[in-house]
Each structure stands twice: as structure tokens, then as C-alpha cells.
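Each remark here refers to the structure printed beneath this line.
Note that the coordinates shown come from a computational prediction; the quantities given were computed from them, not determined experimentally.
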Amino acid sequence: MPISIKAKEAIKVSLAFVLVYFIALQLGWMNPYWAGFAVAMIALPTAGQSIHKGMLRLWGTIPGCIAALVILALAPQDRWAFMLLASAWIFFTTYMMLIDKDRSYFWNVAGFVCLVITLSGQGGSSESMFQHAMFRSLETAMGVIVYTLVTVFLWPQSNAGAIKKASSQLIATQAARFRVGVELASGSGTGDKLQELHAKEVQQLTQLGAALLAEGSESYQVQELRGLWKQYQGLSAIMMETLDRLQNGQENFPGIDLGAVFPDRQAFVDELDRRFEAIRRMLAEGPMECEAVAVSLSIDYSALHTVSHLDRAALAVVKKELENIEQLTREMLDCARELVDDAVHKRKPRLVSSTITKNQGTRLPVIDPDQLRGATFAALCVVIGFLVWIYANPPGHAGWFQMAGAIGMAVAGMQQARLIILVKPFAVAMALGLGAYVFIMPQLSSFAELGLLLFLAMFVASYFFTGLARLAGMVSVINMISVQNQQTYNFAAMANSYVYTLLIFIFIFAMSYMLRSARPEKVMLNMLRRFFRAAEFLVGRVAQPPGSRNSLLENWKTTFYRYELRTLPDKLAAWGRAIDHKLFPNTTPEQVQTLVTSLQSLGYRIEQMLDADGARQADTLVGEMREDMQTWGGKLESAFAGLSEAQDVESAPDINERLSTWLSHLEARMGETLERLDPGSLRDGEAENFYRLLGSVRGVSEATVAYTCVADSIDWAQWREEVFS
């Protein structure tokens, strides 16, 4: 009978675990379990993933050790300076862990290793501290090397081809999404598949990032082309955003003959389809001849004049997004050609200019409030754990300082999770480990017997359990089956360790109320208030008089609120999944997801509006329409202010009636203004840019109405009332 992949992985982890203990014990290294921890933490299904995580663990250990030695050198006898320096390091590494997604594990290791080393030689000399730091680094490196060799030579699972597969699937999904959107805009299709395609696109973009890290860790060729692959990944992310905005804009065209307004539309779309397919084939099959044919969207002004001014504005928005897609497909085609030709030497990879990362008006950094709160929480865990150790000295003693910080960092990275769910698996796993320590370990007389016990214990944890239970089992094997060079047995010490570990989890669970509400719906209400405060501010910026100059603070606030607008929908989606819907029978998970989608759509529309507002406008048109724009801005600011205060949502019909009345007024005012103006006073592109601004204004209005329609279906009063579970 062939061995299953799951069994193979369990055998590899268990074998590497036994080998690192054998090496550490034979060489007389201190704390062999450090190498065991390295094996347990980097054990992933494929060689590339394990190598990547192992290298992050190794490189993170080094700054953690250095930071510990620096802290002990600066505050060898001052407990308060020691506490402040340690908490400052945890604050810094936790914040970096939260914002640096590619190297999150590196910063996590750098944080908790510092706490481990500061206590490893407690009561000893500075020489002892240095030895602990060196052996921690050495044993971590040994654990990484041993597991890497085992996973490479024993039933290896390679990531070869993962990038090719992920990238070709992603571009195929984006091509399908573009085609469905085009058909929907022309009235020849339905948008039933768009949500499914969008969800698949998000998943595949994440898979591409993971494949770059995994395959890049085991392939020199991928390493050589890493710059180009990162550029392609960035272009793919921008393409996803552009398709989102295009999808939102194309909802405005019932009854409009787009083929008449854009005579070259079919040729334009066919060329983009050809480019999408060429990119997919290059990435999947290899080099092929394909050059991008120059295409453009010309306008038939005679047909354009038959539609209303607001429809012309919506057309200007969609035209701009289609042109953005044309530019993106051209760049992606060039990038794909260089990738498959291994032509990285031809040119230096260009930096990708993304709306996600570009700074609007200031170079000052933008701080994420949620990430800042997480870093502060981890630092407070260190401080309070230190105070508990000094003044109460409960079971575990100095471990309260160390473990509180390590677990606090983990909680800061998964703020939606309820920590109490960790108590049961750890309590059971550690009880079993304690039983093995008491009844089995004293009966062993050779490493062969010890190795068999370690192998079986790790195999059971790896094979029969997943997720939190698997982690709890591995950690319990390492902590409770305490293996040392000079083996002694102390039941009281291990029983204290058991009690102390459970107390730490309960302590951090209580502390977590400082980080988050116990009720996810309350967190979502707060994030909704933040979203609409950001929307209110940004709409007010568009209604400013032309030529007005902003202060540095105003520019920073604009950057910050744009960041909030882009990031809050994803955070809301994560918190929405944490809601216990049994307590809220009037609100379904589908309603929450629809609410998040509508917010994301509103955010995209406001981004379009800000981008259009930044383009060069016709001063005469802006001057004529300034008062109307300010009136519109005031109406939306009022609506957003009400939503940000978390009052009962104004009904969709009321908002729709107010905004429809204003849009009708705007249509009439636009016609009057253009009749008075001399066409020769408008320079090329300026009128189109103003139409783009008006189109995005209409889009924001319609997205606001769409949100209130969704919000009307949610029982907000039930969300705000107190519930005890």
C-alpha cells in the first residue's frame, strides 16, 4: 500500500526532530529543544516553503540575539530600564511584523528570541548570555539545515512550476472577467459570474505571491528573475483594481450604444483579448511571437451628443479605465516576454506605480491605527508580564515576561481570533506530555529508546491533528518531554510549568480585551464610522475652490484617509467572518459580505473621483460649476457624517431621492454652462477630464445609494444592543 502524502510529511517531521536531538546531545550543546522548535515551526508541505520559512527564522534569530545582548549591556542592573527597552523592542518588531507581510515571520522571530535570550542566562555572567545567544543561533541553523536535507532527499515535494501555474491561471481569470464585463456593458450578457471571478482572482493573486516565495527559495532561475516577477505581480494587482473600477463604471449604461460612441471599440476589445491570451500562453507554454498592436478608443462626437451630459461623464470614466487596461496589458506582455526569454539582463525592472502605494501630496508616513494598536498591545503584555513576575512571582516566574510577549505578538497578528480557543488543545496536549515525562521518560536508558518516543510523539501530533491541535501537540512534545544533556526529573517543576502555561493563556485572553472588543460586530461598527469619516473628508477635498493650496497637515490627512478607504473593507471582511451569527439571526453572512462589497465599490468610486480631480481641468468649467460641486459635496458630507456617527442609516429611498434631484439639477446646469461657453476656450483634454470628474461624482452618488440599500437590510439595533454569550 502506498504511503499517503500526509503520512510522508509526518514521517519527515518526526525523523528530522529525532536527528536534531541526536546531534545536539552528541555534541553537548545547551538546550537541544531549540533545534526541535526550529524543525516544528518550519515544517511545511514543500521544500521551497520550508526553506523560505527556515531562512526567515534563522535570519530573525540573529537580530533578536543582538537586541538581547544590547538590552542587557545597557541595563544590566536597572530593572525598569530593562523592562522599557524590552517592551520598546517588542513594539517595534510587532509593528514591523504587521506591516511587512513578506517578512512577517522574520520580525516575529526577532521579537520573541530577544525575550528568550534575555532570560536564558538569568543570574549568570555576560559570557553566559553570549553563549546562550550563540547556541540559539547555532541550533536554529542546525534545525533548519537538517529539516531541509530531510525534506529534499526523502520524498521531496518541489514547488517547480508553481509560479508558472499560478500566473497563467491568474491572467486567464482576469481575461474572463474583462470579457464578462465587456459583454455586460454592451447588454449581451449578465454579471452572474463577476463576483465568483473576482473571488477567484483575489485567491490566485495570493497564490502567486506564495509561489514566488516558495519556488524562489529552491530555484536559482527564479531568484535571478525575482525583480521581474515582483513587477509582474504588482502589475497583476493593479489590473485587479482597474477591473474592479471598470466593473463599477460599466453599470451606468443601460440603453447606450457604446459601439456608436466608440467606433473602434470592437477592435480595441479584440486586441486586449488577444494580449490576455498571449500573456497566458507565454507564462504557461513558453516563448512565442506576439507584439502589442497600437489601439485607441476614438469618439464619435455626433453619437456622443445624443446622450445626456451625465452619461457622457460616465463614458469618460469608463474610457479612462479601458485605456488604463490597454497600458497595463502592454506592460504585462513586455514583462511576460522577458520572463520566458530569461532576458532579465536586457533592462532593469521598472518600479510599478500603483494607486495602492502612491503618496498623495506628502512623504510623511501613514500609520495604520489597527497595527499600531496591535504593537502597543504586545508591548503592554511584556510590561504587565514583567510586573507580575517581579511583584507576584507566580508559577513560571520569569517566564511571564517571556511568554506574555511571545503570545502577545501572535495575538496582535490575529486580532479577530478568540484566544480562549487555544486553552483546551494546549491543556490536553500538555497533560499527555506531562504523563509521558512522569511515566515513560524515567524508564528510558538509551537514545534509541528516547528517539523512538520522540518520533512517535511527533508523528502522532503531525499526522492525526491539524491547525491549533497540531501546533499544541508539537509545542507540548518539546516543552513537556524535557530533554537535556544532563537529564534529571522534577515533577513539581513540570507541574508548575503546566499550570503556568495555562495561566499565561488565560492572562493574555483577559489582556486581549484591551486590544479588541469581545464582540466583532462592535469592532465592525467602529470601522464603519472610520470609513465614512474618511469618505466625508475626501469628498470635502474635491469640493474645494480651484487653485487652493493645502497645508502639510491637510495633505497628510488626505493620504491617511485614502489609506483608510483602501484597507478598511478587507479588515471589515475579516471581522465579519468572526461574528457569531447564531446571536444575530436577522443578519446572514451573505448580507455582511454584500455590505463589505458595497463599501469596497464606494471606496473605488471615491478613488476615481480623487484621481480625476487631480487631472488638469478646464478652468472655465470648474469656475462655472464650482458652486454646484460644493452643494453636492455638502449633501454627501452630510450623508457620510450621519453614517460615521453610527446612527440609524438614512433610508435608501430618501438618499436616492435627494441625490437624483441633485443629479438632474447638475445635468441642467451643465447644459446651460456649455451653451454659454466658447468651445475654443477649452483646450484639448481639459473638457474630457472635467467630464471624468463629473462621471466619478455620479459614481460616488450611486455607490452611496447602493450602500444604503444594503445597509437597510441589516438589523443595526441588534448589533448595538448588549449580548452576553
Side-chain angles (χ1 to χ4, degrees), residues 46-49 51-52 102 156-179 182 197 200-201 203-243 266-296 322-354:
T46 63
Q49 291 173 313
I51 292 171
H52 175 72
D102 288 343
Q157 292 191 56
S158 174
N159 293 279
I163 295 177
K164 180 186 293 186
K165 180 180 178 181
S167 58
S168 59
Q169 288 178 342
L170 173 60
I171 194 65
T173 301
Q174 291 179 330
R177 196 171 165 211
F178 172 73
R179 172 50 63 183
V182 168
L197 288 171
K200 185 186 295 186
E201 183 183 19
Q203 181 182 16
Q204 289 170 343
L205 187 61
T206 303
Q207 289 173 346
L208 176 59
L212 284 175
L213 294 176
E215 189 174 353
S217 298
E218 62 184 48
S219 170
Y220 174 75
Q221 184 181 24
V222 174
Q223 285 282 354
E224 188 181 26
L225 298 172
R226 181 177 291 276
L228 280 173
W229 276 117
K230 294 296 290 185
Q231 182 188 27
Y232 182 84
Q233 182 187 17
L235 291 170
S236 298
I238 301 174
M239 176 65 77
M240 181 176 70
E241 292 182 2
T242 307
L243 288 171
Q266 190 58 50
F268 185 91
V269 169
D270 289 344
E271 170 61 15
L272 295 191
D273 279 337
R274 189 182 70 86
R275 293 182 191 176
F276 276 120
E277 177 60 17
I279 296 169
R280 186 198 66 78
R281 289 185 58 191
M282 279 188 188
L283 295 173
E285 302 171 12
M288 60 174 287
E289 291 295 328
C290 181
E291 294 293 335
V293 178
V295 289
S296 62
L322 286 171
E323 289 172 344
N324 288 340
I325 292 176
E326 189 276 332
Q327 180 64 28
L328 281 170
T329 54
R330 182 186 297 274
E331 292 189 13
M332 292 174 76
L333 186 64
D334 291 342
C335 195
R337 185 183 297 110
E338 291 195 18
L339 284 168
V340 298
D341 288 343
D342 294 342
V344 70
H345 61 278
K346 289 184 179 178
R347 65 174 174 84
K348 183 179 180 180
R350 291 167 292 172
L351 295 178
V352 177
S353 177
S354 169

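The two residues C290 and M282 make their nearest non-hydrogen contact at CB-CE, 4.1 Å. Annotation for L170 and Q204: closest pair CA-OE1, 3.4 Å, computed over non-hydrogen atoms. Contact detail for A172 and R280: the closest heavy-atom pair is CB-CD, 3.8 Å. Smallest separation of non-hydrogen atoms from M240 and L205: CE-CD2, 3.8 Å. Residues V295 and A267 approach most closely at CG1-O, 4.4 Å, considering heavy atoms.
Side-chain atoms of K200 and Q203 form no donor-acceptor pair, as typed in the model, at a separation below 3.5 Å. Q327 and E331 are linked by a side-chain donor-acceptor pair at a separation below 3.5 angstrom, with hydrogens and angles left out of the test.
A salt bridge links R274 to E271: one of the charged nitrogens lies within less than 4.0 Å of a carboxylate oxygen.
Considering only heavy atoms from C-beta on, S236 stays 4.5 Å or farther from I171 through its side chain.
Taken from OG1 in T242 to CD1 in I325, the straight-line distance is 6.0 Å, to the nearest 0.5 Å.
Under a 3.5 Å cut-off, the side chain of R275 and the backbone N or O of E326 do form a donor-acceptor pair. In this structure, Q233 contributes its side chain and L208 its backbone to no donor-acceptor pair below 3.5 Å.
Open room surrounds CZ on R281; 12 or fewer heavy atoms of other groups in view lie less than 6.0 Å from it.
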